[in-house]
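Not measured: the values here are computed from a predicted model. Residue numbers run from 1 in the order of the sequence given.
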Amino acid sequence: MSGLIIRLVYPKVPLMKPLLLFWLLLVNCFEGAYNSYEGAYKFNDAYLESIPRPCGSNNPNQNVDLREPQSPGPFHDLTIFELRQLKQFLQNDPNIRAVSPSLAQVNSSYVFMVDLYLPAKYEVLKYLDAEGPQPARKAQVMIFRGDLNPSVVEEYVCGPLPYVKSCRLLQLANRRNPVEFSIRPVAVLELQVAITTIWAQIKDKIEHILLESYEATVCENDEPGCLTFDIFPVGTSYLGDTNRRWTWLSAQYNIPYPFLHPVDFALLSDVTGSDFSRWSVLKVWYAGQIYESLEEFVEGYNSNSIPKLKLQKPVESETLFSTLNLKGIPSPRNSQRPPQQFEADGKRYSLKDRQVKYLDWTFNFRMSPFTGPSVYDIRFKGERIAYEIGLSEISIYYSGFAPMQQMYSYPDSAVLLGTHSKSLIPGADCPEFSTLINQTFWGQLTDEPSSYDSSFCLFEQNAGIPLRRHSSYEKSQGSFYGGMLDSVLTLRSILSVFSNDYIIDFTFHQNGIIQGQLTNTGYLLPSYFNRQETLYGYRINKNIVGNIHQIFAHFRVDLDIGGTCNRYETLNIVKDQIPLQQDPDVIKHQTKIIRDLKPTEKRAVFDYNFRKPKYHLVYNNNVRNDLGQEKSYRIHLEGIAHSLLPENIGGERSIPWARHQMVVTKFKDSERFSSSSYAYVDNLDPVVNFTKYYDDNESIVDQDLVFWITLGTHRIPHTEDIPLASTVGRELRFFLMPNNYFPECPSMNSRDALFIKHIDLTDKARGVEVNRNGNSRDQCVTPKITLEDVLFRNPDLALESRRVNFVF
């Protein structure tokens, strides 16, 4: 579903450059009007005024400060001021010579994307724990050097921020830099040039074929019913050459939603190098067959010697199967709103400088444009549980008969994961009372940093299930009740990577448990129906087949339990046979625990085996509870799947991290990423090969450990996935759970609990009393302005309307 699928409408070739430049000038004008952080803050503040007013506060935003700090901390994303200063340096540096984005061409030097470069962990811990100086803030910059011969991609570390003094090439273990130009991530600029160049070459030869076959052609403007192209780059392992770059351009109707309206026509194109005048069409796919050249295809069609396809152009309507309009008999018959929650006494969390404080929890968060969301310095009751928990990569691997489906297999970081989290809608994506948090990026084609108004939402809600409870109803059993609903704080981002939507949640429970979760929804990427394609999925509509695919997500979890000196041990649950105490001649079959301390990285590689259950524990051997037990945290995995891709063949080389459900490595600052933005096409000689992180088989006893967790699923689409796949049953998650870490359940200090007992134990007939631990039972809510009112003031919160945002 997600993929390197960028739908564009292309102007006529002679007009492309002046139109593009004019468009970019408009972009810059709008960016100047909208992208100040102060403006974004005012907008978020206006939205927060729209939520119900709590009983105990006149200002629901009293604990939330969304302004950028003048002196950001080590985890804070790059500020607008820092990005502007960095841009000036890159454009003035004589070695880099980055052109202004509005003037960039494929054959120029231009910035693809900028990210925060995290300081070394030991420097940050010294700052956080030992009153050391704050490490210098730096930026990581990816630059496309189409101006060099040969062209390459360079990555730099630039600093200190905000007033940059120098940039050096990024040097990380097992990662080359610079890299070949052919394996660069696909940028908007390249796509525009590629499709415009190819269409100019073929228009006069095939436009009549498109009109006869599909009643449509590629249009100059964004007109419904026209044809557009999606992009499916070919991995270098399938080309046998790291220096070549090929891509499939696949056609579809430009109506909602285009991915569900393929036309079974595609062009294999050679887009090698930065001289786009040499880009050309290699092969053609049409009506279930491949043709070795454009000339062979055109000649065969014109001579009526090949099978032809004639489709009736679909008409956009509210009842079209691919739209999201209300269909059928409305339910319920009468208008009734669903149940809602509200914050009766205001927010129980505070937010300032990207640091959240919630009851006994504190943590920082950020959004990397390359890898997506992460949380840092996570503490519970003042003790650090984890230094970092974050998304590292998402990959999706389709199967199919058509060449486009065969190439739709790649890691999503190729299209900048973090930049796809925007426009979260309260009341649909998040609860109405959520705090919306914006995010600023700079790269590709915007001269100014671009701020997305709602990249994160932060909210507390009860999960609708007790965290703990017990009812001792009968007098003989004590006659009391105690329990509490599981109210949790969730930091959410939703990565809308073209057709696919990944909901990423980090959730904090009041009993010390941290939950990481990825939930998948969005549109399918089907193939055009033919008999061969049904081997790979169901026919889910007249002209489409829903192809089987695998989805995997990789998370980096840097636990620091009792400090950075940790061990990883499994409690293996095995069969046991023991004589009954009452009758030694009778054997009792049961289970027992075998402790297994993992000494090295290779011994710690975990492949799930249903027949060998076990607990995964992390602890500091020198830190024990009052009973002499190790104070540990347990890693519990839900939503795991086995990859069926053969190792080291084809695209699998790009995702070796998906081979195992968990890998444990000794912490190294140089091993920050399990993948890279090059990984889509970079599967002949990967820039980042995750297996090297544990192939050296270092000791992991009493070391700073990183846990790399793989979640995954296999999906066979069905008709109920039309138009959108639902989230139910698609939650992939892991839990970090205290295990002998606290003397009792740490939620016992929560005022959320209820305790019911008899008023008088000697006279129980007098009735019962409810202890709410000081919390009020009053309920009140006063609605104010609506989401519709807020969007009237700024529709760009939800959909690109008054400005054009070119981050990706």
Pair Tyr398, Met404 - check side-chain contact (heavy atoms from CB on, under 4.5 Å), show working. CA-CA 10 Å; Tyr398 267 80; Met404 301 82 74; over 6 Å; no

Applying side-chain contact (heavy atoms from CB on, under 4.5 Å) to Met407 and Leu268, what does each step give before you reach the verdict? CA-CA 11 Å; Met407 288 299 104; Leu268 179 61; over 6 Å; no

Verdict with reasoning, Ser100 to Asp447, per side chain to side chain donor-acceptor pair (under 3.5 Å): CA-CA 6 Å; Ser100 173; Asp447 281 334; 2.8 Å; yes

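- With Asp682 contributing its side chain and Val687 its backbone, the two residues share a donor-acceptor pair below 3.5 Å.
- A 4.5 Å side-chain heavy-atom check between Tyr678 and Pro185 finds at least one atom pair inside the cut-off.
- Between the Tyr253 side chain and the Tyr214 main chain, a donor and an acceptor come within less than 3.5 Å of each other.
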Could you walk me through whether Ser675 and Glu393 satisfy the side chain to side chain donor-acceptor pair (under 3.5 Å) test, starting with their C-alpha distance in whole Å, then the side-chain angles of each, then the deciding distance to 0.1 Å, before giving a yes or no? CA-CA 7 Å; Ser675 184; Glu393 182 64 277; 2.6 Å; yes

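- Shown here is Ile716, whose CD1 atom has no more than 12 heavy atoms of other residues, nucleotides or ligands within 6.0 Å.
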Steps toward side chain to side chain donor-acceptor pair (under 3.5 Å) verdict (Ser496, Asp501): CA-CA 4 Å; Ser496 296; Asp501 294 73; 2.7 Å; yes

Output, in order, the C-alpha distance, side-chain angles, deciding distance and verdict of side-chain contact (heavy atoms from CB on, under 4.5 Å) for Gln439 and Ser421. CA-CA 9 Å; Gln439 186 66 34; Ser421 185; over 6 Å; no

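- Between Arg659 and Glu652 there is a salt bridge, since at least one side-chain N of the basic residue sits less than 4.0 Å from a carboxylate O of the acidic one.
- In the displayed structure, Arg176 atom CZ is contacted under 6.0 Å by more than 12 heavy atoms of other residues, nucleotides or ligands.
- The nearest pair of heavy atoms linking Thr217 to Leu210 is OG1-CD1, 4.1 Å.
- Note that OG of Ser643 is 7.0 Å distant from NE2 of His714, once rounded to the nearest 0.5 Å.
- Separation of atoms OG1 (Thr371) and CD1 (Ile394) is listed at 10.0 Å; rounding is to 0.5 Å.
- For the pair Glu533 and Val545, the tightest heavy-atom approach, listed with the atom from each and the gap, is O-CG1, 3.7 Å.
- The closest donor-acceptor contact from the side chain of Asn683 to the backbone of Ser237 lies under 3.5 Å.
- At least one donor-acceptor pair under 3.5 Å links the side chain of Gln550 to the backbone N or O of Leu644.
- In this structure, Glu318 places its CD atom where only 12 or fewer heavy-atom neighbours from other residues, nucleotides or ligands lie under 6.0 Å away.
- Summarising the geometry of Ser454 relative to Leu797, their closest heavy-atom pair is OG-CD1, 3.5 Å, with the distance given to 0.1 Å.
- No side-chain heavy atom of Arg730 sits less than 4.5 Å from a side-chain heavy atom of Thr713.
- Using modelled atom types, no side-chain atom of Tyr536 and backbone atom of Gln405 make a donor-acceptor pair closer than 3.5 Å.
- Side-chain atoms of Arg145 and Arg97, non-hydrogen and from C-beta on, do get closer than 4.5 Å to each other.
- Here the CG atom belonging to Leu732 is positioned 10.0 Å from the CZ atom belonging to Phe552, to the nearest 0.5 angstrom.
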How far apart are the C-alpha atoms of Ser182 and Arg244, what are their side-chain angles, what is the distance that settles it, and do they pass the side chain to side chain donor-acceptor pair (under 3.5 Å) test? CA-CA 6 Å; Ser182 57; Arg244 281 194 292 174; over 6 Å; no

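- By the side chain to side chain contact (heavy atoms under 4.5 Å, CB included) test, Ser274 pairs with Val106, Asn107, Ser151, Phe181, sequence neighbours left out.
- Shortest non-hydrogen contact noted between Leu424 and Ser455 is CD1-O, 3.9 Å.
- Distance check, rounded to the nearest 0.5 Å: CG of Asn500 to OH of Tyr502 gives 3.5 Å.
- Side chain of Arg653 to backbone of Pro656: no donor-acceptor contact under 3.5 angstrom is found.
- Contact of the Pro101 side chain with the Thr446 side chain is not registered, since no non-hydrogen atoms from C-beta on lie closer than 4.5 Å.
- Classification of the Phe265-Tyr286 ring pair by plane angle, with boundaries at 30° and 60°, yields perpendicular.
- The shortest side-chain heavy-atom distance between Val281 and Ile198 falls under the 4.5 Å cut-off.
- Checked by atom type and distance alone, the side chain of Gln105 never pairs as donor or acceptor with a backbone atom of Gly146 at under 3.5 Å.
- Residue pairs meeting the side chain to side chain donor-acceptor pair (under 3.5 Å) criterion with at least one member in residues 298-314, sequence neighbours excluded, are His208-Asn302, Glu212-Tyr301, Ser303-Ser305, Asn304-Lys308.
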Checking side-chain contact (heavy atoms from CB on, under 4.5 Å) for the pair Asn520/Arg715: CA distance, chi angles, key distance, verdict? CA-CA 11 Å; Asn520 177 234; Arg715 287 197 55 201; 3.1 Å; yes

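- Counted by atom type alone, Ser527 and Asn547 present one or more donor-acceptor pairs between their side chains at under 3.5 Å.
- A donor-acceptor pair under 3.5 Å links the side-chain atoms of Ser801 to the main chain of Leu799, judged by distance alone.
- Put simply, the side chain of Tyr110 does not reach to within 4.5 Å of the side chain of Ile143, judged on heavy atoms.
- Checking side-chain atoms of Trp442 against main-chain N and O of Ser450 turns up no donor-acceptor pair under 3.5 Å.
- In summary, the aromatic rings of Tyr452 and Phe441 are positioned with their centroids under 6.0 Å apart.
- Thr323 and Ser317 get closest at one heavy-atom pair: CG2-O, 3.5 Å.
- Side-chain contact between Val186 and Thr247 is absent, with no heavy-atom pair separated by less than 4.5 Å.
- With Thr236 contributing its side chain and Thr242 its backbone, the two residues share no donor-acceptor pair below 3.5 Å.
- Note that CZ of Phe144 is 12.0 Å distant from CD of Glu154, once rounded to the nearest 0.5 Å.
- The distance from the CD1 atom of Ile722 to the CG atom of Leu260 is 5.0 Å, given to the nearest 0.5 Å.
- Residues Arg245 and Arg184 have side chains in contact (heavy-atom distance under 4.5 Å, counting atoms from C-beta outward).
- Checking each of Phe321, Phe498, Tyr257 against Tyr523 for a ring-ring contact (aromatic ring centres under 6.0 Å, His included) leaves exactly one that passes, namely Tyr257.
- In terms of heavy-atom proximity, Thr719 sits nearest to Arg539 at CG2-O, 4.3 Å.
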